[in-house]
Amino acid sequence: MSYNPSQIEAKWQHIWEDEKAFEPSADKSKPKKYILSMFPYPSGRIHMGHVRNYAIGDALARYYRKASFNVLHPIGWDAFGMPAENAAIKHKLHPKKWTYENIDYMRGELSSLGLSFSKEREFATCDELYTQWEQEFIIKMFESGLLYRKSTHVNWCEECHTVLANEQVEEGCCWRCDNEVVQKEMPGYYIAITKYADELLGDLKKLEGKWPNQVLTMQENWIGKSQGLEFEFELTDESKAKLNNKFTKYKVFTTRPDTIYGVTYCALAPEHSIVKELVDNGSITGKMAQKITHLANMSERERSMMDKEGYPLDIEVIHPLTGENIPVWTANFVLGSYGGGAVMAVPAHDERDFEFATQYNLPIKTVISGRQNENEAHIGEGELIDSHDFNGLSSIQAKAKIIEMMENKGLGKATINFKLRDWGVTRQRYWGAPMPFVHCDSCGLVSEKLENLPIALPEDVEITGAGNPLDNHPTWKHCKCPKCGKDALRETDTLDTFVQSSWYFLRYATDPSKWKKEAINKEDISYWMNVDQYVGGIEHAILHLLYARFFTKALRDLGYFEGFDEPFERLLTQGMVLKDGAKMSKSKGNTVDPDAIIKEYGADTARLFILFAAPPQKELEWNDSAVEGAYRFIKKLYDRQNRVTLDKMPTIDHATLNKNEKEARLKVYEALQKSLHVYETSFAFNTLIAACMEALNALDRQDNEAVWGEGMFIILNLLEPIIPHIATQLSETLFGRKNLHTKIEILNEVFVKDSIILAISINGKRRDEIEVATEATEDEIIAKAKEVVAKWIEGKTIVKEIVVPNKLVNIVVK
RNA sequence: GCGGAUGUGGUGAAAUUGGUAGACACGCCAGACUUAGGAUCUGGUGCCUAACGGUGUGGAGGUUCGAGUCCUCUCAUCCGCACCA
């Protein structure tokens with residue numbers, strides 16, 4: 001009978017389902033492994049990236065299950081988000097219906113891959129039961145001061161009537177309607193992730209060697225810690241008057257206190273409140289006021305793309321050390337949201353300050369030695385000059401001394417700043433978890449009572465794309481204040497979908513029987529957490545992984561659990577799947593449909609190809625003929641079942657075997673040895689598969705019944721995590737699946753060789769090889785080596801002879 | 001600009017971490033079996049050379065008996081951040 005993947009795969013998928021083969025055990029005394037591939041967004045159909053993601057995770061889960069671990073390998077759906085609303089607009093389908101139908105379809109696709117997921121723990125983040133607990137977290141965060149409401153500048157699309165996340169703004173335009181995105185000041189809810197900046201940064205150290213360096217570096221840069229000096233500039237009396245004494249001073253931050261004597265001007269962000277005051281009170285009028293207002297209304301992104309631009313504000317501050325008056329400008333390169341929105345400008349030693357100073361003819365004063373070129377800033381550190389008492393000090397010394405002096409005089413203090421901003425978590429959209437808050441005229445912003453949760457979405461909505469459907473709904477937002485009982489208005493913003501993915505791994509780790517009663521069960525998660533291996537795309541390097549790390553710490557501090565600070569013990573970032581050198585995408589027309597591949601070749605072939613073609617971390621180039629090659633290997637494996645006549649692991653007297661038989665055993669055991677390293681450390685499935693291919697090739701070169709039996713017994717065991725259907729089928733037929741439930745010991749005897757082949761090189765260049773007995777002495781080896789390479793050493797002087805055991809002989813001649 | 005990675009045959013990739021470069025595949029070439037084959041099997045296949053041999057891991061140096069692997073410089077490609085004071 002020839003290999004029939006669709007029949008074999010359907011058969012085993014049914015058996016696994018009937019056996020509930022992949023549900024974790026409740027027995028917490030067993031050693032556990034929590035293997036997690038990032039959950040998918042239910043977009044409608046799976047793509048090759050999913051196949052790769054889940055094939056990797058599944059191989060690990062199956063391996064550890066086979067190695068007698070209690071394995072948690074769950075799946076669920078990241079089910080809230082904009083595409084559902086877009087589909088609603090386009091196809092007049094309710095987002096809920098669209099989402100759950102997609103989930104049903106994709107669940108079918110994933111199960112056709114034979115993935116060993118726990119089905120009992122599956123959920124969608126749009127399930128009301130999930131929303132309920134998420135709303136509880138949000139309320140607790142609000143109560144503890146971690147979540148707050150503020151009004152600030154946000155990306156706003158006039159066409160869609162919604163706030164957009166930074167990643168949804170493409171070159172200044174809305175990703176959906178391509179309308180220009182404007183900056184708008186409006187209220188929103190923020191989670192104070194910056195309170196955890198230090199811990200998020202510090203704990204990256206715990207992940208070193210377990211997470212890819214690239215991700216750690218990206219997170220480090222994103223958090224962006226910098227140390228320096230914060231101090232205040234006092235305005236001159238004249239300037240204070242101009243500001244109607246509403247301001248007397250403002251703060252600046254610098255990482256280069258050593259250049260403080262080089263300050264020649266000051267720059268404020270266009271949206272700085274002092275600038276606003278000057279415009280508002282008429283100190284600045286006409287064109288200049290217009291231009292400044294225009295700058296203030298531009299997004300950071302827009303500003304970053306334009307040339308430097310600024311205007312003198314005609315006010316001055318007093319240098320805290322020299323007492324000199326310093327002019328104050330507003331400049332578009334000063335960020336409003338960092339370091340107080342104001343900088344001390346040292347054009348001699350800062351590129352940006354230099355460029356601006358040159359452009360507007362502002363003075364430049366050198367205070368660090370070594371500035372040779374008048375046409376550029378000298379950014380490096382050096383020795384201080386023209387800096388009063390600090391002359392002659394190195395930058396490093398001066399930084400410390402100046403900070404110390406400023407602190408002693410009460411002029412400033414050592415400060416740490418972060419680039420990380422608080423996380424804006426609300427969206428003016430329908431398909432998300434509603435914010436559990438109520439606006440009351442008497443009580444202000446009030447959180448819902450926990451017993452009223454979940455605050456569910458109304459189903460009878462019309463989604464048109466214009467405005468917020470919750471806000472437009474006739475009745476939904478009208479409610480009673482949970483505090484005073486008066487008429488009040490429900491918050492109509494919904495939560496960012498990144499909130500849901502920030503704790504789903506904790507939910508999986510809680511036994512589903514408890515899902516109604518609690519969000520997270522302490523005991524359950526103390527057993528299952530951390531996730532031992534997390535697998536996902538590099539595109540989540542910052543956002544999701546940072547939010548999830550933060551949420552873990554925040555929930556820990558809210559008392560939901562204790563004992564761990566980081567959610568993901570090890571992280572594997574898989575490479576993209578490419579076709580014709582480019583990322584697969586519908587617009588490029590270079591997609592490969594997983595369903596079609598599974599239909600033509602079967603899931604095992606798809607999985608084998610994907611794991612064989614490249615190591616998981618690297619990009620994977622799709623190759624149709626290499627897929628055929630994977631299929632061919634499986635057919636060959638299927639065919640070789642005919643060579644097996646024993647139904648169990650034989651005992652073999654190694655010494656009695658001939659050369660090819662010994663070689664076959666050697667290859668089989670080499671593959672076995674390799675499998676440990678691959679599954680537990682390197683994840684280089686490609687090399688394990690290659691080793692199995694070599695083993696099968698070697699088995700083909702001999703026909704010892706016992707060697708065949710042993711070889712297939714082991715190879716099927718090693719390949720089961722990769723090609724589970726065919727491996728289980730053959731294991732069942734040949735060995736009653738005993739080979740899948742046995743720990744196979746590595747036999748050292750097969751690695752012992754009768755003779756060794758040594759390479760012979762002259763001056764490091766390989767010339768020939770010899771075969772010697774294992775027990776041959778070094779002298780014997782050298783003597784034999786010299787015979788073989790006689791023509792190369794003739795007439796030369798031998799300087800040195802090096803014998804590397806089991807490897808080679810190197811003869812150095814002159 | 002800053003940061004991170006990656007450069008090995010026609011292609012995807014290996015190389016036990018300093019010890020025979022190119023395992024295993026794809027492709028290609030030749031042959032066998034076939035009415036036929038995009039099926040299957042066998043053999044070959046880094047490059048130059050008729051051969052002896054030479055040469056070869058982006059490039060240039062260096063350390064070493066010996067370097068894909070270590071060091072210095074350099075080039076190219078990809079990714080991330082991008083005026084963070």
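Computed from a prediction, not measured in an experiment: that's the story for all the values here. Chain letters run A, B, ... following the sequence lines, proteins first, then strands; residues in each count from 1.
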Side-chain H-bond candidate by donor/acceptor type, A/Q574 with A/N53, under 3.5 Å: yes
Chi class for B/G53: syn within 90° of 0, otherwise anti: anti
Watson-Crick/G-U partner (both atom distances under 3.5 Å) of B/A51: none
Base-pairing assignment for B/U16 (Watson-Crick or G-U wobble, both under 3.5 Å): none
Aromatic A/F333 / basic A/K308 pairing, under 6.0 angstrom, 45° off normal: yes
B/C81: pairing nucleotide in any strand, Watson-Crick or G-U under 3.5 angstrom: B/G1
Grab the N/O contacts between the protein and nucleotides 26-29 of chain B below 3.5 Å, and write none if there aren't any.
residue: B/C26; atom: OP1; partner: A/R632; partner atom: NH1; Å: 2.5
residue: B/C26; atom: O2'; partner: A/S625; partner atom: OG; Å: 3.2

Polar side-chain atom of A/K251 near backbone of A/G339 as donor-acceptor pair, under 3.5 Å: no
Nucleic acid footprint by protein, nucleotides 19-24 of chain B - heavy-atom cut-off 4.0 Å, B for base, S for sugar-phosphate alone: BB--BB
Aromatic ring proximity, centroids under 6.0 angstrom, A/W329 and A/Y311: no
Set of side-chain contact (heavy atoms from CB on, under 4.5 Å) partners for A/A357, sequence neighbours left out: A/Y265, A/P347, A/L362, A/I364
Aromatic plane relationship, A/F685 with A/F683 - under 30° parallel, 30 to 60° tilted, over 60° perpendicular: tilted
Strand partner of B/A30, provided both Watson-Crick or wobble distances fall under 3.5 Å: B/U42
Syn/anti state for B/U17 [syn: chi within 90° of 0]: syn
